[in-house]
Amino acid sequence: MKGLYGQLAETNEDIKFLFQDKETLPSVSDHYVKLQVKVCAFSPVNTKLLMELKLQEDFLPIGREVAGVVLEVGPKVSFFKPNDEVVGILPLDCKESGLSSTLLVHEHSLVTKPENVSWVDAAGTIRDGLRAYMALHTHSHINAGTTVLVMEGANPFGTIVVQLAHHRGAKVISTAGNLEDKMYLEGLRPTVGIRQPMVARVINLSDRKVDLVDSCLEETGGLGVNIVVDCGVQLYSKEDEPAVKQHLPHKHDILSLLAVAGHWVTTEENLQLDPPDSQLLFLKGATISFLNEEVWQLSNMQQGKYLHILKDVMEKLSSGTFRPQLDESIPIYEATVAMEMVQKKQVKKKQVIRL
């Protein structure tokens with residue numbers, strides 16, 4: 001059985017992607033189901049996390065967001081039956097690539113795919129939907145009237161956060177890195193209800209005359225933003241940051257535009273706060289939390305809540321609340337090139353492979 005795998009270089013940073021033949025699947029047992037994969041979506045591989053968890057192998061399986069049809073179920077499976085259409089995220093310790101024709105998956109990693117949702121939309125939305133729910137519900141408890149700043153709202157994750165925040169009745173502000181992204185965000189409208197713009201204000205950071213902090217304070221009457229969801233931040237001055245980070249906001253800007261009792265949800269795993277930063281947080285009574293969607297895979301204490309979130313993501317997709325930012329599906333022979341671009345963060349839309 002052939003699948004896509006990543007081979008780490010000596011530096012443990014560069015990955016070479018290649019197709020590899022693996023052993024045939026064992027028989028279906030206990031709570032496992034045999035899945036025929038229809039579509040697989042790509043996300044960057046967090047090699048540092050795998051090293052920390054001692055899950056690093058010679059060949060890392062690639063493609064964890066999958067959608068497909070159940071072929072066979074184990075004797076203890078209670079959620080699914082053969083021919084059910086399902087979608088899910090493979091666990092971190094899964095040995096098989098999601099780009100394989102068939103997989104053995106634990107039933108607690110899957111949820112039912114609604115009939116009116118395409119395979120591509122299901123696989124391409126499941127992970128970003130989970131992250132959006134974590135950012136706005138698990139970490140920050142969004143409600144109507146809240147002001148939310150979504151950094152880089154035109155990317156696949158940001159688009160889902162914008163749509164979920166608007167659906168919950170929040171006022172959404174977003175940043176854009178260029179005029180194309182600005183126009184995309186200004187054109188976002190709900191599919192049901194009043195067709196008003198989802199984003200109250202789009203801040204084009206490519207315009208050097210625009211200041212992020214001033215724009216947010218102006219939009220909130222000087223009160224600041226209640227919730228900030230970032231896509232990474234600058235920790236140092238622009239001269240000391242690598243080129244890939246120079247378009248990101250500085251951490252001090254985020255702290256400055258936070259409201260009293262505000263909450264900052266960050267994807268920056270190496271965030272460092274200096275004493276003046278901590279003092280500013282203290283004076284505002286504000287908080288910071290780290291967005292790591294893998295926590296659900298590392299502990300099964302809240303497995304029911306995790307599955308409930310995945311089901312709700314599919315319901316929002318079915319009702320038209322979520323409209324993902326996806327690229328056209330890619331043939332499997334282009335999978336290695338697509339994954340290289342995903343790993344280097346050179347793509348603006350979600351990459352999805354149709355088997």
Side-chain angles (χ1 to χ4, degrees), residues 1-7 15-22 24-25 32-47 50 55 57 59-71 80 84-114 117-131 156-157 160 293-294 296-297 310 313-314 317 322 324-355:
M1 185 180 64
K2 187 173 288 188
L4 184 65
Y5 293 83
Q7 187 176 25
I15 305 181
K16 179 183 178 182
F17 299 101
L18 67 162
F19 282 96
Q20 188 85 356
D21 285 320
K22 303 292 281 188
T24 56
L25 295 176
Y32 283 81
V33 303
K34 188 175 184 179
L35 182 69
Q36 180 185 7
V37 180
K38 296 289 187 180
V39 166
C40 175
F42 285 160
S43 292
V45 180
N46 190 337
T47 55
L50 294 175
L55 294 175
E57 298 188 11
F59 293 96
L60 300 172
I62 302 300
R64 293 175 50 212
E65 300 130 82
V66 296
V69 178
V70 174
L71 297 177
F80 307 108
D84 281 352
E85 297 181 349
V86 296
V87 58
I89 303 173
L90 301 180
L92 277 168
D93 59 355
C94 182
K95 305 296 183 184
E96 286 84 30
S97 163
L99 214 60
S100 306
S101 56
T102 54
L103 289 172
L104 285 186
V105 188
H106 197 285
E107 64 172 332
H108 291 165
S109 297
L110 302 169
V111 294
T112 302
K113 180 187 78 67
V117 173
S118 70
W119 298 111
V120 170
D121 285 353
T125 308
I126 190 73
R127 187 187 185 98
D128 288 327
L130 172 65
R131 299 179 75 209
F157 169 58
I160 300 297
E293 70 275 14
E294 304 297 355
W296 302 102
Q297 306 282 1
L310 297 187
V313 170
M314 287 298 105
L317 195 56
F322 287 163
Q325 177 80 304
L326 305 177
D327 215 336
E328 292 185 7
S329 56
I330 301 169
I332 193 168
Y333 60 82
E334 294 182 3
T336 53
V337 176
M339 188 59 208
E340 286 175 2
M341 296 176 66
V342 169
Q343 189 68 21
K344 295 176 182 178
K345 299 181 180 179
Q346 295 175 344
V347 293
K348 294 183 64 175
K349 296 182 179 181
K350 193 78 172 180
Q351 302 297 297
V352 181
I353 309 295
R354 186 187 293 274
L355 276 76

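Model, not experiment: these values are computed from the prediction. Note: hydrogens, waters and symmetry copies are ignored here, and every other heavy atom, side chains too, is used.
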Exercise: identify the closest heavy-atom pair between A123 and A41: O-CB, 3.4 Å
Atom CZ of F17 with >12 non-hydrogen neighbours under 6.0 angstrom: yes
Ionic contact status for R131 with E294, cut-off 4.0 Å: no
Inter-residue atom distance Q297.CD - C94.SG, 0.5 Å rounding: 10.0 Å
S43 side chain to K350 side chain, donor-acceptor N/O pair below 3.5 angstrom: yes
Smallest separation among heavy atoms of R127 and I89, with atom names: CA-CD1, 4.0 Å
Euclidean distance, S109 OG relative to L103 CG, rounded to 0.5 Å: 11.0 Å
Atom of L355, atom of V37 and distance for their closest heavy-atom approach: CB-O, 3.8 Å
Side chain R64, main chain L90, donor-acceptor under 3.5 Å: yes
Beyond-backbone contact of K349 with L326, side-chain heavy atoms, under 4.5 angstrom: no
Any V33 side-chain heavy atom under 4.5 Å of L110 side chain: yes
Side-chain heavy atoms of F42 within contact of L4, under 4.5 Å: yes
CD on Q20 to OH on Y5, rounded to 0.5 Å: 8.0 Å
Given T102, D84, L35, the one that forms side chain to side chain contact (heavy atoms under 4.5 Å, CB included) with L71: T102
E96 CD to S101 OG distance, which is reported to the nearest 0.5 Å: 11.0 Å
L99 CG to K2 NZ distance, which is reported to the nearest 0.5 Å: 11.5 Å
Least distance between heavy atoms, Y32 atom then L104 atom: CD2-C, 4.2 Å
Flag side-chain contact, heavy atom, 4.5 Å: T336 against L18: no
Atom of I126, atom of M314 and distance for their closest heavy-atom approach: CD1-CE, 3.8 Å
Donor-acceptor contact present, side-chain S97 to main-chain I62, <3.5 Å: yes
Distance (rounded to the nearest 0.5 Å) between Q351 CD and E328 CD: 10.5 Å
Heavy-atom closest contact (A335 atom, F19 atom, distance): CB-CZ, 4.0 Å
Side-chain heavy-atom pair L317, P324 within 4.5 angstrom cut-off: yes
